[in-house]
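For reference, the structure is listed below as structure tokens.
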There are 2 protein chains.
Amino acid sequence: MVTSLRERRRLQTGRDIQMAAVTVALRNGLDNTTTEAIATEAGISTRTFFNYYNNKHAAILGDAVRIDLIGAGWFAGSQNPVIDDLAHLLGQAAHDHPLDRALLLKILEVIEAHPALQEMFRTRLDETTVLVTEMLNARLGDDMAVEARLLASLATQALTEAVMTWVADDSLGLDAITTLIATRLRSVTQILMQSDTHAGPL
Amino acid sequence: MVTSLRERRRLQTGRDIQMAAVTVALRNGLDNTTTEAIATEAGISTRTFFNYYNNKHAAILGDAVRIDLIGAGWFAGSQNPVIDDLAHLLGQAAHDHPLDRALLLKILEVIEAHPALQEMFRTRLDETTVLVTEMLNARLGDDMAVEARLLASLATQALTEAVMTWVADDSLGLDAITTLIATRLRSVTQILMQSDTHAGPL
DNA sequence: GCATATTGTTGCACAGTGTGCAATGTTTTC
DNA sequence: GAAAACATTGCACACTGTGCAACAATATGC
């Protein structure tokens with residue numbers, strides 16, 4: 001973890017800009033938030049803003065909304081239930097990531113007020129979905145490609161829901177995320193099996 | 001189905017613009033596709049372009065990528081397996097919608113080359129997901145809100161995959177979509193249950 | 001038919017977005 | 001401390017998207 005002065009400044013500036021973006025967006029509304037306003041709030045030039053983020057949406061989400069999966073070769077060959085492995089994999093990812101509850105709350109507040117931001121939010125999630133799909137492909141085999149995509153999309157969505165729950169509840173630790181994912185995936189499985197052998201009573 | 005001259009023209013112009021947008025995007029690449037180029041290709045002014053679509057991405061997707069659920073009160077109270085009901089609901093929606101295979105193929109070709117378009121694609125799907133979520137909520141009860149969202153997202157994704165398969169295979173009729181959704185959801189359920197009672201042999 | 005209301009198209013002005021480039025600063029390297 | 005590497009900025013420029021007002025095309029009522 002070698003952090004030169006440059007690296008630290010670059011990281012800090014990136015965070016400063018994000019903070020400025022979120023602040024201005026909450027204060028003035030996203031529509032009245034120009035890149036110029038964000039830059040001024042962050043104490044930099046407009047041009048520099050674009051050296052850090054492609055647009056104001058990206059600046060608001062920053063790196064906060066982004067999940068990286070780390071070395072998980074164990075996944076392909078595991079004999080444990082898929083649900084537990086997925087929950088563990090994604091829970092671990094959330095665990096390793098510096099999730100900032102306060103910041104996330106603010107970001108979610110902006111997103112809630114401005115659906116336009118959800119687009120980029122989903123795109124970020126899709127990056128994770130692609131990674132999960134690859135892992136599921138390795139585990140299930142190539143003839144299950146479609147199922148792998150479906151399952152990956154479901155799992156990623158479960159992660160999102162779990163993080164939402166975690167964000168909203170101070171008493172929850174990061175470990176709760178793994179549990180939440182597993183529990184809910186089991187719950188969904190139950191519903192999917194409902195009356196599949198046959199219909200229940202009225 | 002009263003179609004005044006105005007209505008017909010408006011619809012036709014909308015389609016003309018979409019065609020122009022897809023054509024230019026395939027010819028020059030999305031990055032070299034200006035709204036001006038699209039407008040010229042469609043034989044209208046730039047200003048008029050923006051009277052029809054908010055931006056070039058929307059113009060390319062047009063109304064083709066958009067699924068409406070129609071009156072489906074039956075869903076909430078049905079006693080059939082959830083999987084079959086979801087497949088029927090979504091299959092019916094695809095059925096009622098004027099899906100144009102050739103146009104969809106072109107659109108998908110543009111999307112494939114330009115991931116930026118996927119954002120709006122997903123946003124369109126999300127509209128459907130929201131509707132499905134509401135129906136599942138009515139069926140499952142409010143204490144299953146999270147599960148409803150997960151399931152809706154899975155089902156919508158299944159619909160997308162089914163449409164993809166349908167688009168790519170001339171021999172498939174629209175009815176195949178319902179079957180594909182049901183089959184794959186069952187397949188996913190199987191995977192989710194895998195070794196959940198307990199681990200299989202090596 | 002014809003007058004009038006409604007809706008559609010267009011040009012124009014204008015604020016905002018995003019990028020290439022070159023000048024100027026700042027940090028790193030040796 | 002000189003030279004390389006990288007960061008910040010201003011400037012020019014092409015493109016996006018919207019409000020507004022003029023004008024054209026269609027619809028409506030008589």
Side-chain angles (χ1 to χ4, degrees), chain A residues 1-25 27-63 110 114-117 119-120 123, chain B residues 1-25 27-63 110 114-117 119-120 123:
Chain A
M1 206 70 168
V2 202
T3 56
S4 67
L5 177 57
R6 262 187 191 152
E7 274 182 272
R8 274 175 285 140
R9 286 217 171 134
R10 175 151 269 276
L11 243 74
Q12 190 52 48
T13 305
R15 268 172 289 177
D16 287 349
I17 296 176
Q18 184 187 15
M19 250 323 200
V22 172
T23 303
V24 177
R27 188 171 61 213
N28 304 344
L30 189 58
D31 296 335
N32 303 318
T33 301
T34 62
T35 53
E36 194 182 350
I38 297 173
T40 303
E41 176 86 17
I44 53 164
S45 73
T46 317
R47 191 62 188 80
T48 300
F49 171 88
F50 284 109
N51 286 343
Y52 280 83
Y53 297 102
N54 291 331
N55 50 61
K56 58 185 176 190
H57 290 185
I60 289 170
L61 296 189
D63 272 341
V110 183
H114 302 280
L117 268 173
E119 294 207 355
M120 186 163 285
T123 303
Chain B
M1 206 67 166
V2 202
T3 55
S4 68
L5 177 57
R6 266 187 186 153
E7 276 182 272
R8 274 174 286 139
R9 286 221 170 132
R10 174 151 271 276
L11 241 74
Q12 190 52 48
T13 305
R15 266 173 294 182
D16 287 349
I17 296 176
Q18 183 186 18
M19 250 323 200
V22 173
T23 303
V24 177
R27 189 172 59 213
N28 303 345
L30 189 58
D31 297 335
N32 303 317
T33 301
T34 62
T35 53
E36 194 183 350
I38 297 173
T40 304
E41 177 86 17
I44 53 164
S45 73
T46 317
R47 192 60 188 80
T48 300
F49 171 89
F50 285 110
N51 286 343
Y52 281 82
Y53 298 102
N54 291 331
N55 50 61
K56 57 186 176 189
H57 290 184
I60 289 171
L61 296 188
D63 272 342
V110 184
H114 303 281
L117 269 173
E119 295 206 356
M120 186 162 285
T123 303

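Just so it is clear: chains get the letters A, B, ... in the order the sequence lines come, proteins before strands, and each one is counted from 1.
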At what distance, to the nearest 0.5 angstrom, does [atom1] of [X] lie from [atom2] of [Y]?
X        : Y       : atom1 : atom2 : answer
B:Phe49  : B:Ile44 : CZ    : CD1   : 7.5 Å
B:Ile38  : B:Asp16 : CD1   : CG    : 13.0 Å
B:Ile17  : B:Gln12 : CD1   : CD    : 10.5 Å
B:Leu117 : B:Lys56 : CG    : NZ    : 9.5 Å
A:Tyr53  : A:Leu61 : OH    : CG    : 9.5 Å

Decide yes or no for [X] and [Y]: does some side-chain heavy atom of the first lie under 4.5 Å from some side-chain heavy atom of the second?
X       : Y       : answer
B:Val24 : B:Thr34 : no
A:Gln18 : A:Ile60 : no
A:Leu11 : A:Thr3  : no

[X] [atom1] to [N] [atom2]: how many Å, rounded?
X       : N      : atom1 : atom2 : value
A:Ile44 : D:dT9  : CD1   : P     : 7 Å
B:Gln12 : C:dG8  : CD    : P     : 16 Å
B:Arg10 : C:dG8  : CZ    : C1'   : 7 Å
B:Glu36 : D:dT16 : CD    : C1'   : 12 Å
A:Ile38 : C:dT17 : CD1   : P     : 8 Å

Review point. Does a nitrogen or oxygen in the side chain of B:Ser45 sit under 4.0 Å from OP1 or OP2 of C:dT9?
Key: no

Check your understanding: With respect to the phosphate group of C:dT17, does any side-chain polar atom (N or O) of A:Thr35 fall under 4.0 Å of OP1 or OP2?
Key ->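 Yes, because at least one side-chain N or O of A:Thr35 sits under 4.0 Å from OP1 or OP2 of C:dT17.
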
I'd like a list of close polar pairs between nucleotides 28-30 of chain C and the protein, N/O only, cut-off under 3.5 Å.
residue : atom : partner : partner atom : Å
C:dT28  : OP1  : A:Leu5  : N            : 2.9
C:dT28  : OP1  : A:Arg6  : N            : 3.3

Review point. Under 3.5 Å, is there a donor-acceptor pair linking the side chains of B:Thr46 and B:Glu36?
Key: no

Check your understanding: Which angle, to the nearest 10 degrees, lies between the helix axes at the two ends of the helix from C:dG1-D:dC30 to C:dC30-D:dG1, each defined by five pairs?
Key ->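 For the helix from C:dG1-D:dC30 to C:dC30-D:dG1, the axes at opposite ends meet at about 30°.
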
Review point. Considering residues, nucleotides and ligands other than A:Met120, do more than 12 of their heavy atoms fall under 6.0 Å from its CE?
Key: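 More than 12 heavy atoms, drawn from other residues, nucleotides or ligands, come within 6.0 Å of this atom.
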
Check your understanding: So, is the end of the B:Arg10 side chain (NZ or CZ) under 6.0 Å from the ring centre of B:Tyr52 and within 45° of the ring's axis?
Key -> yes

Check your understanding: Looking at DNA chain D, which of residues 47-59 of chain B put a heavy atom within less than 4.0 Å of it?
Key -> B:Arg47, B:Phe50, B:Asn54, B:Asn55, B:Lys56

